[in-house]
**Q** 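Below is the structure I would like to discuss, written out as structure tokens.
We name chains A, B, ... by the order of the sequence lines, and we start the count at 1 in each one.
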Amino acid sequence: MSHENSAPAAGPTGAMVAFENATKRFGGTKGEPAFTALDGVDLTVPRGAITGIIGRSGAGKSTLIRLVNGLEKASSGRVVVDGVEVGALGETGLRDLRRQVGMIFQHFNLLSSRTAFDNIALPLEIAGMDRKAIRDRVAPLVDLVGLGDKAGRYPAELSGGQKQRIGIARALATEPKLLLSDEATSALDPETTQSILKLLKDINRDLGLTVLLITHEMEVVKTIASQVAVIDKGKIVENGRTFDVFTAPKHETTQSLLAVAIGAKLPEWIRTDLKPVPAPGDRALVRLVFFGETAFQPLTARLVAEIGPDVNILAGAIDEIAGEPFGSLVVSYAADPQTLERARSFFQQTRLTTEVLGYGA
Amino acid sequence: MAPDMLFSLLWKALLQTVHMVAVAGVIGSLIGLPIGIFLATSGRGELFPAPTVNKIVGAIVNATRSTPFIILVVAIIPFTRLVTGTSIGTAAAIVPLTIATIPFVARLAESAIREVDKGLIEAARAMGATPLQIVFKVLLAEAKPGLTLALTLTLVSLVGYSAMVGAVGGGGLGDLGIRYGYQRFMPEVMFAVVVVLIVLVQAIQTSGDMLARRFDKKARKN
């Protein structure tokens with residue numbers, strides 16, 4: 001299993017989106033210092049896949065996704081969408097591009113004055129399609145997103161999940177080749193989030209639509225994105241297959257984002273008492289991650305046999321990332337030199353991925 | 001005063017008021033609304049960025065709005081004469097009323113349009129909409145309830161302003177009240193004028209509210 005930071009291989013026709021050293025600065029006029037939102041981003045978004053970009057608020061992910069449809073222009077570098085350089089397009093070219101790139105939003109951005117049906121029809125009206133053709137296009141979309149009986153309702157009469165379904169149908173109306181999702185589930189409850197993610201996954205599979213989504217929720221990436229890029233302070237710090245990145249996170253941003261979302265969780269009171277170096281008599285707390293071949297070994301028994309009867313299991317979980325199972329276990333054992341050495345060699349033998357969380361009494 | 005004479009005076013004055021308010025309201029709105037749209041969309045980084053022109057137009061609008069109406073009426077008499085050929089009478093009164101309506105509508109329309117969620121503009125841009133499509137399909141459509149209330153407020157204010165154009169012989173209800181009720185000590189005329197004005201304003205406000213409510217799809221109506 002490769003843990004390289006290399007971009008996923010592009011299909012025979014090239015990547016759907018390629019960022020080449022894309023940089024975006026805001027301000028910088030009238031003597032104020034410029035704010036660098038994106039700092040030399042290199043990233044490719046493969047065709048037909050769901051790619052997630054994850055980062056904290058202010059990391060630059062909103063700016064990144066807006067470079068794709070030209071809502072923001074790169075200060076330097078290039079953004080290429082399906083072979084077309086976005087920065088080189090004029091107003092007319094940009095409008096053509098935007099009709100081939102759908103976008104959905106955190107707050108749905110539906111017109112309150114239009115019914116669900118008419119909201120979905122809006123991009124088609126904008127494209128100058130006639131009434132009859134619009135009706136023929138919109139009706140199946142209403143069904144596709146599962147809102148058959150709600151077509152005549154106004155957004156105020158619908159739930160958040162239903163509104164996002166309209167948003168998705170609207171984004172699909174012009175039959176785009178790429179769908180951009182800007183925190184599309186961040187305003188929804190967990191259950192609705194899952195149903196919207198399932199819808200996106202179905203659309204990706206059934207229509208072969210490339211999806212690029214940004215989110216601050218690991219859960220979202222974990223559930224549907226086969227590719228992931230982690231962004232921090234305007235830079236891509238890690239990217240690759242979601243399963244690879246999430247099971248062996250290298251960058252601290254990835255690790256801390258993952259700590260809240262994936263696998264075994266420790267109670268807060270244990271977490272806060274952890275120290276970075278052991279004091280005499282302390283115990284080491286270690287997270288073990290097992291997947292692939294290690295997932296099928298009788299691990300706990302061997303753990304006790306190899307490290308000693310003193311091993312304690314604090315937390316454990318079986319999880320799934322982009323459809324692949326993996327397990328994680330948090331164990332503790334005495335932090336004396338002999339035990340630590342036995343543990344180290346055991347982990348090396350079994351090639352378990354481990355992470356020392358800290359030391360505590 | 002004999003009731004039938006009072007009624008005939010009131011009726012004539014009401015028609016003059018309605019005439020002035022309607023003409024000034026329609027012309028003033030037709031000019032004020034585009035200015036309001038311009039003010040709401042021409043700031044830095046907006047749909048039709050022209051920050052300098054925006055500031056200049058904004059300053060003119062403020063200047064007109066801060067001039068007391070009665071002074072405006074007198075100050076623009078030469079212009080009024082140029083437009084209508086006379087400086088007295090109902091037609092002449094419509095000119096200052098219209099001039100006062102334009103910046104009033106412009107500012108109210110601007111704020112109604114600015115109320116529209118910026119996310120909708122972004123969504124429309126992401127669909128490939130032109131700035132003009134955004135104005136007509138998004139901004140005006142979404143601001144319709146707010147614009148309706150703005151125009152209602154304009155008409156109500158116009159009824160009040162129209163009471164002052166008696167100064168240039170414009171006639172109307174306000175003028176009737178001042179000349180008969182106040183200068184000739186006829187309290188029954190004054191009372192009748194006030195009652196008619198109240199009914200008129202109520203009628204305008206109620207129909208405006210009803211219309212705005214019908215346009216507003218934001219509230220759940222279950």
Side-chain angles (χ1 to χ4, degrees), chain A residues 26-27 29 62 65-66 68-72 89 91-116 118-128 152-159 166-167 170-171 173-174 176 178-180 182-183 187, chain B residues 33 37 40-52 55 109 112-151 210-222:
Chain A
F26 289 105
T29 49
S62 299
I65 204 167
R66 278 164 178 72
V68 177
N69 59 0
L71 290 176
E72 300 282 359
L89 292 172
E91 277 303 311
T92 320
L94 262 185
R95 280 197 288 274
D96 287 343
L97 171 80
R98 286 168 181 165
R99 284 168 195 170
Q100 300 165 48
V101 179
M103 189 169 189
I104 56 177
F105 304 87
Q106 177 172 9
H107 297 295
F108 325 124
N109 294 352
L110 301 176
L111 269 65
S112 67
S113 57
R114 284 175 172 243
T115 61
D118 289 337
N119 264 290
I120 301 169
L122 181 60
L124 301 173
E125 284 176 30
I126 283 170
R153 299 296 188 91
Y154 288 94
E157 300 168 315
L158 301 174
S159 71
I166 302 175
R170 181 177 72 174
T174 50
L178 170 65
L179 178 67
L180 305 175
D182 177 9
E183 297 274 10
Chain B
L33 191 59
I37 295 171
T41 55
S42 58
R44 195 179 301 283
E46 291 178 333
L47 287 177
F48 306 97
T52 316
K55 285 209 181 72
I113 291 167
R114 285 201 182 279
E115 286 290 302
V116 176
D117 186 357
K118 295 280 172 289
L120 298 184
I121 299 177
E122 184 175 53
R125 286 181 65 209
M127 288 171 206
T130 63
L132 271 182
Q133 284 176 323
I134 294 177
V135 167
F136 287 104
K137 290 201 177 286
V138 178
L139 293 180
L140 291 183
E142 286 290 296
K144 212 157 135 193
L147 289 172
T148 307
L149 289 177
L151 293 182
M210 258 170 50
L211 219 52
R213 221 174 306 123
R214 183 176 311 164
F215 293 149
D216 188 2
K217 307 295 185 190
K218 275 189 182 162
R220 273 175 185 270
K221 288 178 196 108
N222 294 337

**Q** How long is the gap from NZ on B/Lys218 to CD on A/Glu157, to the nearest 0.5 Å?
**A**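 Taking NZ in B/Lys218 and CD in A/Glu157, the distance rounds to 14.5 Å.
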**Q** Can you confirm whether B/Met127 sits close enough to A/Arg170 that some side-chain heavy atom of one is under 4.5 Å from a side-chain heavy atom of the other?
**A**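 When only atoms from C-beta onward are counted, A/Arg170 and B/Met127 do touch, with a gap below 4.5 Å.
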**Q** Against chain B, label A/Leu110 side chain, backbone, both or neither, depending on which of its atoms sit under 4.5 Å from a heavy atom there.
**A**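 Interface part for A/Leu110: backbone (N, CA, C, O).
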**Q** For residues A/Leu111 and B/Val138, report the shortest heavy-atom separation together with the two atoms involved.
**A**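 Taking every non-hydrogen atom into account, CD2-CA, 4.1 Å.
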**Q** Roughly how far apart are B/Lys217 NZ and A/Arg114 CZ, rounded to 0.5 Å?
**A**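 The NZ atom of B/Lys217 sits 13.0 Å away from the CZ atom of A/Arg114.
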**Q** Do other residues, nucleotides or ligands put more than 12 heavy atoms under 6.0 Å from the CZ atom of A/Phe26?
**A**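 Yes, because the 6.0 Å sphere around CZ of A/Phe26 holds more than 12 heavy atoms from other groups.
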**Q** Among residues two or more places apart or on two chains, list those pairs meeting salt bridge (Lys or Arg N to Asp or Glu O under 4.0 Å) that have a residue in residues 112-122 of chain B.
**A**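 Matches after skipping sequence neighbours: A/Arg66-B/Glu122, B/Glu46-B/Arg114, B/Glu110-B/Arg114.
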**Q** Starting at OG1 of B/Thr130, measure out to CD1 of A/Ile126 and round the result to the nearest 0.5 Å.
**A**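 Between atom OG1 of B/Thr130 and atom CD1 of A/Ile126 there are 8.0 Å.
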**Q** Quick one: does A/Asn109's side chain have a donor or acceptor within less than 3.5 Å of a partner on B/Gly119's backbone?
**A**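 Answer holds: yes.
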**Q** Hey, could you give me each pair passing salt bridge (Lys or Arg N to Asp or Glu O under 4.0 Å) that has a residue in residues 99-109 of chain A? Not counting sequence neighbours.
**A**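 Matches after skipping sequence neighbours: none remain.
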**Q** Picking from B/Gln133, B/Glu142, B/Arg125, B/Lys137, which has the most non-hydrogen pairs under 4.5 angstrom with chain A?
**A**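 Going by pairs under 4.5 Å, I would pick B/Glu142.
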**Q** Is it the side chain or the backbone of A/Leu71 that comes within 4.5 Å of chain B heavy atoms, both, or neither?
**A**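 Both parts, backbone and side chain.
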**Q** As an exercise: rank B/Ala123, B/Pro145, B/Gly128 by heavy-atom pairs under 4.5 Å with chain A and give me the winner.
**A**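 So the answer, after comparing B/Ala123, B/Pro145, B/Gly128, is B/Gly128.
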